[in-house]
Amino acid sequence: MVGFFNWESLWIGKDLKRFEGIREALDAEKIPYKHKVVNRLGQWSGRGTVRGNTGSIGLSSEQMYEYEILVSKKDSSRAHRALEK
């Protein structure tokens with residue numbers, strides 16, 4: 001049974017190039033993974049979204065998104081070794 005509890009976070013960050021590099025490394029080693037992308041300014045807070053309440057002037061588009069890569073617990077050590085190469 002593959003459930004939510006069988007996965008662990010390998011990396012969380014805001015760097016799109018690093019995100020893509022990690023995904024390529026995992027693909028090269030044929031390590032299965034899942035990923036999440038969260039728009040931090042689109043989150044609800046109080047009476048609307050963060051962006052709706054505060055605006056986005058002065059914020060770079062690179063800081064708007066947070067990326068997370070998850071791997072199964074059984075592949076965790078392989079995934080960490082793949083990133084060290």
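We use all heavy atoms of the structure for the numbers below, so side chains are in, but hydrogens, waters and symmetry mates are not. Being a predicted model, the structure only gives us computed values, none of them experimental.
Counting only distance, with no hydrogens or angles, the side chain of Lys73 and the backbone of Phe5 share a donor-acceptor pair below 3.5 Å.
Residues that satisfy the side-chain contact (heavy atoms from CB on, under 4.5 Å) test with Ala82, not counting sequence neighbours, are Glu29, Ile31. Annotation: side chain to side chain donor-acceptor pair (under 3.5 Å) contacts of Arg81 (sequence neighbours excluded): none. Legend: residues meeting ring-ring contact (aromatic ring centres under 6.0 Å, His included) with His80, ordered by chain and number and at least two apart, are absent. Looking at residues two or more places apart in sequence or on another chain, you find no side chain to side chain donor-acceptor pair (under 3.5 Å) involving Glu24. With sequence neighbours excluded, no residue satisfies ring-ring contact (aromatic ring centres under 6.0 Å, His included) with Tyr33. For Arg18, there are no salt bridge (charged side-chain N to carboxylate O under 4.0 Å, His left out) partners, not counting sequence neighbours.
For the atom pair NZ of Lys14 and OH of Tyr67, the computed distance is 10.5 Å after rounding to the nearest 0.5 Å. The structure places CH2 of Trp7 at 12.0 Å from CD1 of Ile69, a figure rounded to the nearest 0.5 Å. With rounding to the nearest 0.5 angstrom, the CG atom of Leu70 is 7.5 Å from the CD1 atom of Ile12.
The aromatic rings of His35 and Phe19 sit perpendicular to each other, their planes meeting at more than 60°, with 30° as the lower class boundary.
A salt bridge links Arg23 to Glu20: at least one charged side-chain nitrogen sits closer than 4.0 Å to a carboxylate oxygen.
Just one of Ile22, Leu26, Asn6 meets the side-chain contact (heavy atoms from CB on, under 4.5 Å) condition when paired with Val71; it is Leu26.
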